[in-house]
Structure formats: structure tokens, C-alpha cells
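Remarks on the structure that follows.
Whatever order the structure lists ligands and atoms in, that order sets their numbers, starting from 1. Starting from 1, each residue takes its place in the sequence as its number. In what follows, every heavy atom counts, from backbone to side chain, and hydrogens, waters and symmetry copies are set aside. Model, not experiment: these values are computed from the prediction.
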Amino acid sequence: MSNIQNEMRAVAKELLESGKATVVLGWEKGTMPYDSTPVMIRSAADVDKLIWDEYCLQNLSTYLIDFINSEDKVAIFAKGCDTRAYNRLVHDKRINPENSIVIGVPCSGMKNPKVAAKTPAGAEVPMANACKECRYPNPVACDQKIGSDVTPWCTAKDFSDVEAIEAMDADAKAAFWKEQYSKCIRCYACRNICPACNCTNCIFDQSASGWCSKDVNASENQFYGVTRAFHVAGRCIECGQCEAVCPSDVPIMLMNKKFIKDIDTLFGNYEAGLVTEGTTPLNSYQVADPEEFM
Ligand code: SF4
Ligand code: SF4
Ligand code: SF4
């Protein structure tokens, strides 16, 4: 990975010195060996902070939301999932492609620091769950690219875990999800890190609306989980960040993947985050749409 790291630093230096970018978003080493955290670089003198290793899991595209009305020209390093997130955010008009530069980085799969922290010393930390199923490790779109493309290790969606839940009867399903969401502490880390969960005003910050409360209990938590899954349906780019950061190990991707499976069944095979405009599933409606569920 060090060649990519050297290329990252050289590209960042050139962009900042030339003034093509005023900010570069990448990753820096944190306090623990498994911490590779997002960093914002504004000076060419600081580019040696940038690193590239197997813990650069966090999606950087989400941070561009903070720059939508900024004068800054922001360059980000972007793995395959980051570029799908970037496309999705452009499609949602939540970031400004005019003030951003995407530097694509091929990815060989990342590891989850949360899992690493629990792994005994000397044992191998496995690839992050979402990365095991990643079909787009190479950038799907970018302004410039560093490194060489990798061969994707996964070419088809695997819904076997979703099918196992679908095979349960209704009571067993209800008991399963109640148990999972009983663990949720409503920290909203899954929402905050998600590039698809990008509303300006989130319903879960509007407790006066009467739709939901801040109570942390199995019922309210499940309402939160299901609502969030509906809100990202059709826009989830399968980066797995929501589940990776969940301190309570709620299997959030299982619900996301159920929606992805259903969308594929109803609309044909669909891959979120590959386009920046046009009509995509659950992205438009017509007055004559069926609504027998209402
Ligand atoms: S989801 Fe794919 S592109 Fe993203 S970190 Fe994992 S392997 Fe890399
Ligand atoms: S719901 Fe999870 S997997 Fe989907 S885009 Fe958001 S963080 Fe990524
Ligand atoms: S990250 Fe986990 S614990 Fe926090 S709100 Fe989401 S599901 Fe609940």
C-alpha cells in the first residue's frame, strides 16, 4: 500500500501548491494501530500526515456535505464505495461537484477497527463484512486516479443471509428484530456516517413532530431502524459503514440488503451510486402509482 500512500501525498501536495484545491480530505493514523481516521489537510507542509492502509474504511464523500456552500475547492481520496457515495450525493444535490475533485484509489478491501479492537493479539483481523461482498473496489468515476485497478473478488450480490430471515415465520422475525434493536442505544452513529442518510432535517431530530420520541426502548428503536432503512432504500450504496460503526452490533446491513433484494425483484437488478442524474428506483413517483398499502 505504500506506493499508493506516496502517490497520495504527491497528488495532495501538487493540488494544494497549485491552488487547484484548498482542502484535501484523506486519512491519517490515529492513536491505535487500527485507527485510520479522516483528516483535513489545508497546507502542503502537512501532506505527510496522509496514510493509506487496511483501516482506511471510512467513507470520505459524506464530509463534502459540509462544504456545499463553501468557497473551498475540496479534493477527496475515494475508494470504490466512496465514489458510489459521491455519485449518490451529487444525485441528491447534497454536494457540489463544481467545488470538488475526486481522486480515485483502487481498494483491496478494508478491515473494521471495531473488530480489530476485539481480536486477540496475533490473530488475523478479517476483511470488513461489507468489503467481503464488495463488487466495486475500483472507483466508478473520478477526476483522476492513482494506483492500479484491482480485480473484484465478488461479482454477484449474495442474499443468503436475507433469505434465512425471510424463511422465518412472522413471530420469529419479530422476535429476531426486537432482540437486535433492544441493543440499540440510539447514538445515531449509523445515521451520521451514512452517505445516503443525508436529509438536512432528520425526522429523528424532530421529536415535537409527534412521529417519534427520543425514548430508547425496543419499540422506538425498531421504528428508528425501519424508518432509516426505508429512507435509504434505493440510495444505499452498500458501504457497510452504518453497521461497521454500530457500538451495539445491530445487523443493520441485513435490513438494507432486504430492501436491495426487494428493489431488484420489483425493478430489475439495480446498483445505487453509478449515476448522478436520471430516474432510479424509489426516486420518483406518479400520481397513478399503485398504493394499495395505504
Ligand atoms: S466496500 Fe469495497 S471499495 Fe469500499 S472499502 Fe470495502 S472493498 Fe473497499
Ligand atoms: S445505509 Fe449503511 S451501507 Fe447503505 S449507504 Fe448508508 S452507511 Fe452505507
Ligand atoms: S449505530 Fe447502532 S446503536 Fe447507534 S443508533 Fe444506529 S443501530 Fe442504534
Side-chain angles (χ1 to χ4, degrees), residues 1 4 27 36 52-62 77-89 91-92 94 104-114 126-140 142 147 149-155 177 180-199 202 204-205 212 214 216-218 220-260 263 271-273:
M1 289 198 176
I4 288 184
W27 301 269
S36 297
W52 175 248
D53 67 12
E54 69 271 33
Y55 290 105
C56 293
L57 180 67
Q58 194 159 334
N59 196 321
L60 300 180
S61 297
T62 315
F77 292 102
K79 312 179 295 293
C81 56
D82 303 55
T83 56
R84 289 179 75 192
Y86 180 89
N87 283 348
R88 190 58 253 176
L89 286 159
H91 207 159
D92 288 341
R94 292 293 283 123
V105 192
C107 172
S108 301
M110 292 291 161
K111 296 176 178 175
N112 182 348
K114 189 180 71 177
M127 190 186 278
N129 287 342
C131 298
K132 287 178 195 162
E133 298 183 21
C134 177
R135 302 179 305 286
Y136 297 95
N138 299 306
V140 298
C142 55
D149 278 359
V150 296
T151 305
W153 48 91
C154 185
T155 52
W177 285 112
Q180 297 306 322
Y181 272 96
S182 295
K183 299 183 291 184
C184 171
I185 57 171
R186 299 282 289 279
C187 63
Y188 295 147
C190 51
R191 175 196 69 175
N192 295 351
I193 203 160
C194 174
C197 219
N198 59 43
C199 295
C202 173
F204 292 100
D205 292 330
C212 52
K214 296 275 186 188
V216 178
N217 59 50
E220 288 288 342
N221 297 352
Q222 286 178 89
F223 179 71
Y224 165 67
V226 170
T227 303
R228 204 191 82 84
F230 267 105
H231 286 191
V232 300
R235 297 184 301 113
C236 167
I237 50 87
E238 305 163 84
C239 62
Q241 300 279 297
C242 48
E243 186 173 294
V245 297
C246 176
S248 305
D249 292 331
V250 177
I252 303 169
M253 285 306 292
L254 204 45
M255 200 163 340
N256 293 337
K257 285 176 68 179
K258 167 63 177 162
F259 280 79
I260 291 167
I263 287 170
E271 304 279 17

Taking every non-hydrogen atom, the tightest pair across Ser248 and Cys184: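 For Ser248 versus Cys184, the nearest heavy atoms are OG-CA, 4.2 Å.
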Closest non-hydrogen atom pair between Glu238 and Ile260, with its separation: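 Closest approach of Glu238 to Ile260: CG-CD1, 3.5 Å.
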Side-chain touch Tyr55/Trp27, heavy atoms, less than 4.5 angstrom: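 SC-SC contact between Tyr55 and Trp27 ruled out.
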Flag side-chain contact, heavy atom, 4.5 Å: Tyr136 against Ile237: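 Tyr136 vs Ile237: side chains apart.
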Tyr181 and Tyr224 aromatic centres sub-6.0 Å: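 No, ring centres 6.0 Å or more apart.
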Shortest protein heavy-atom distance from [atom], along with the residue and atom involved:
| atom | value |
| --- | --- |
| atom 2 (Fe) of ligand 2 | Cys242 SG, 2.3 Å |
| atom 5 (S) of ligand 2 | Ile237 N, 3.5 Å |
| atom 3 (S) of ligand 3 | Ile185 N, 3.4 Å |
| atom 6 (Fe) of ligand 3 | Cys190 SG, 2.3 Å |
| atom 4 (Fe) of ligand 3 | Cys187 SG, 2.3 Å |

Would you check if the side chain of [X] reaches a backbone N or O of [Y] as a donor-acceptor pair within less than 3.5 Å?
| X | Y | value |
| --- | --- | --- |
| Trp153 | Cys131 | yes |
| Lys79 | Leu60 | no |
| Thr83 | Val140 | yes |
| Lys114 | Cys246 | yes |
| Gln180 | Val250 | no |
| Asp149 | Asn138 | no |
| Gln222 | Ala218 | yes |

Residue part near ligand 2, for [X], under 4.0 Å between non-hydrogen atoms:
| X | value |
| --- | --- |
| Arg228 | side chain |
| Met253 | side chain |
| Ile193 | neither |

At less than 4.0 angstrom from any non-hydrogen atom of [X], what atoms of ligand 3 do you find?
| X | value |
| --- | --- |
| Cys246 | 1 (S), 2 (Fe), 3 (S), 7 (S) |
| Arg186 | 5 (S), 8 (Fe) |
| Cys184 | 3 (S), 5 (S), 7 (S), 8 (Fe) |
| Ser248 | 3 (S) |
| Tyr224 | 5 (S) |
| Tyr188 | 4 (Fe), 5 (S) |

Element-labelled atoms of ligand 2 that are located less than 4.0 Å from some non-hydrogen atom of Cys194: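 Listed by number with element: 1 (S), 5 (S), 6 (Fe), 7 (S).
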Modelled atom types, side-chain donor and acceptor of Tyr86 and Arg88, under 3.5 Å: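 No.
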Trp153 neighbourhood, listing ligand 1 atoms whose heavy-atom distance to it stays under 4.0 Å: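 Answer, ordered by atom number: 7 (S).
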Verdict with supporting geometry, Cys56 and Ser36, side chain to side chain contact (heavy atoms under 4.5 Å, CB included): CA-CA 5 Å; Cys56 293; Ser36 297; 4.1 Å; yes
Protein N/O/S atoms closer than 2.8 Å to atom 4 (Fe) of ligand 1: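 Under 2.8 Å from atom 4 (Fe) of ligand 1 - ignoring waters, which are not counted - the protein N, O or S atoms are Cys81 SG.
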